[in-house]
> 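Got a structure for you, questions after.
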2 protein chains.
Amino acid sequence: MQQPIGVIDSGVGGLTVSRELMRQLPKEKLIYLGDTERCPYGPRSKEQVKRYTWQMVHYLLGKNIKLLIVACNTATAYTLSELQSALLIPVIGVIEPGARAAIKNSQNKQIGVIGTEGTINSKAYPNTLKGVDHKIQVDGLACPRFVPMIEDGVFKGEEAEAVVAQTLQPLKNKSNMDTLILGCTHYPIIKDLVQAEMGPHIQVISSGEETAREASLILAYHKSLEQGNIAPVHEFFTTGNIEKFRHIANQWFEEPIQVLEWVSLDPMKSSAK
Amino acid sequence: MQQPIGVIDSGVGGLTVSRELMRQLPKEKLIYLGDTERCPYGPRSKEQVKRYTWQMVHYLLGKNIKLLIVACNTATAYTLSELQSALLIPVIGVIEPGARAAIKNSQNKQIGVIGTEGTINSKAYPNTLKGVDHKIQVDGLACPRFVPMIEDGVFKGEEAEAVVAQTLQPLKNKSNMDTLILGCTHYPIIKDLVQAEMGPHIQVISSGEETAREASLILAYHKSLEQGNIAPVHEFFTTGNIEKFRHIANQWFEEPIQVLEWVSLDPMKSSAK
């Protein structure tokens, strides 16, 4: 029986990770749960993020997943090690894969990170990078305008270019970095704009691509890669507006999503579960 | 106590993997064993390669290693799954990391592989790549002149360029690949020549870089990354000529190697061990 990979996110950002999982692991079935109703997690307290994340995890554990991907930087920063200790299946976050790819790429150990204010303030990237190599210098920049812009469907054209140029200005002025991590799962949608603004000498790392690649390794390591050749039918769940979710997913994916359902994670509202 | 990473190879090729391990994981101590005396493994029988590889593994297990890297494509092809089943520590080969990086990179699923005749004939790369995604097309090319040339110290200049150009010609003529895997641990030494010959539209994947990055993940996954900040003193062992080994290592590394010893793996010759 096909055992799926579970992907959780505070909203739609994790769809960029899912897109990469589908591309790099086309035999694997995904079950995606986006807590769109309570998105964003960035400004919420650590305790609240942990509670919400555990609710998502419990929901997906009921779907017999073989691997859990926490496709949200905030949830990764607050819950990853706790989840890794508690669950019997492997758990992957989105911070370490991007960090390892940046270490591999950087020749001068000058690495930039852009993300939400929550992610930048958490110091999760500098801590991970310097934990491996204390000589690495990290320049972080919060880009609070990117997520709302992308969720509004603005990810090309003059307006998007202007926002990207203006936002990244401080990073361009002060840094000799050769590598820039997109430390938010929304940002791969505007990767081309970021690359154009930063210039060809800077390698832009998308955590979605790197997370999918590491998922491939962890599944191979546990001998649990899908062996058959049955085209998987992925399942998507959202706690928020179904049509808004479908609209964004279909903009980002090559093919329209087939299975999409609304789900409640609020114990008080879903007595039937 | 510092617990080292063990690296085994049939000769000096695995030094390119070691160089990347030092760069990406500067806190980790390495113990390298190159079976230079019996190199190359490529033309040997599967049974012989397995016996020699197990001799190297047993030697390194006595050094309290926490992770074993089989930095030799032939040994990986013949022994990896056996070692992974038998040993209590994680074991990483050099084939899968390059394959996963190629899958991540390739947009058109047309992937090239160059390696020794043994590696190309083993079909290890096509099997790994197609196991993950059967739509991937693989063009393999054996490059038997590369290893002897590199071991002779010829890895730049007109002669090297001519050999590379002539050898790669068949691959350039027949393929639409966007990604090329250097499927031999010697080849990173001539990566720039290969890149120049193939052109900027082809991403050249070095299995050394990718193996080091996956080693980083596996150590993190097992919570066994080195935590201290003591500069490690790496140890190198060769079954062959010490001065030849030192000469090559010092050409390839940024700093001269400090600890290098001769060792015999032949049970009949080393009664003292």
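Residue numbering restarts at 1 for every chain, and letters A, B, ... go by the order of the sequence lines.
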> I'd like to know whether NZ of K63(A) has more than 12 heavy-atom contacts from other residues, nucleotides or ligands below 6.0 angstrom.
yes
> So what's closer than 4.5 Å to chain B heavy atoms on K223(A): side chain, backbone, both or neither?
side chain
> If I measure from the heavy atoms of chain B, does I218(A) come under 4.5 Å with its side chain, its backbone, both, or neither?
side chain
> For chain B, find which of I136(A), L219(A), N105(A), N229(A) contributes the most heavy-atom pairs closer than 4.5 angstrom.
N229(A)
> If I compare all heavy atoms of G131(B) with all of K27(A), which pair ends up nearest, and what's the gap?
O-NZ, 2.7 Å
> Minimum heavy-atom separation for P26(A) and V132(B), please, with both atom names.
CD-O, 3.8 Å
> Can you tell which part of E96(B) gets under 4.5 Å to a heavy atom of chain A, answering side chain, backbone, both or neither?
side chain
> If you measure from CD on E20(A) to CD1 on I103(B), what distance do you get to the nearest 0.5 Å?
12.0 Å
> May I ask you to name which of R100(B), H134(B), K109(B) has the most heavy-atom pairs under 4.5 Å with chain A?
R100(B)
> Identify the residues of residues 186-213 of chain A whose heavy atoms come closer than 4.5 Å to a heavy atom of chain B, ordered by number, or report 'none'.
E209(A), E210(A), R213(A)
> Could you state the interatomic distance from CG (L217(A)) to CD1 (I92(B)), rounded to the nearest 0.5 Å?
7.0 Å
> Which of the residues E214(A), K135(A), Q24(A), K104(A) is involved in the greatest number of heavy-atom pairs with chain B at under 4.5 angstrom?
K104(A)
> Could you tell me if the side chain of Q107(A) sits less than 4.5 Å from the side chain of R23(B), heavy atoms only?
yes
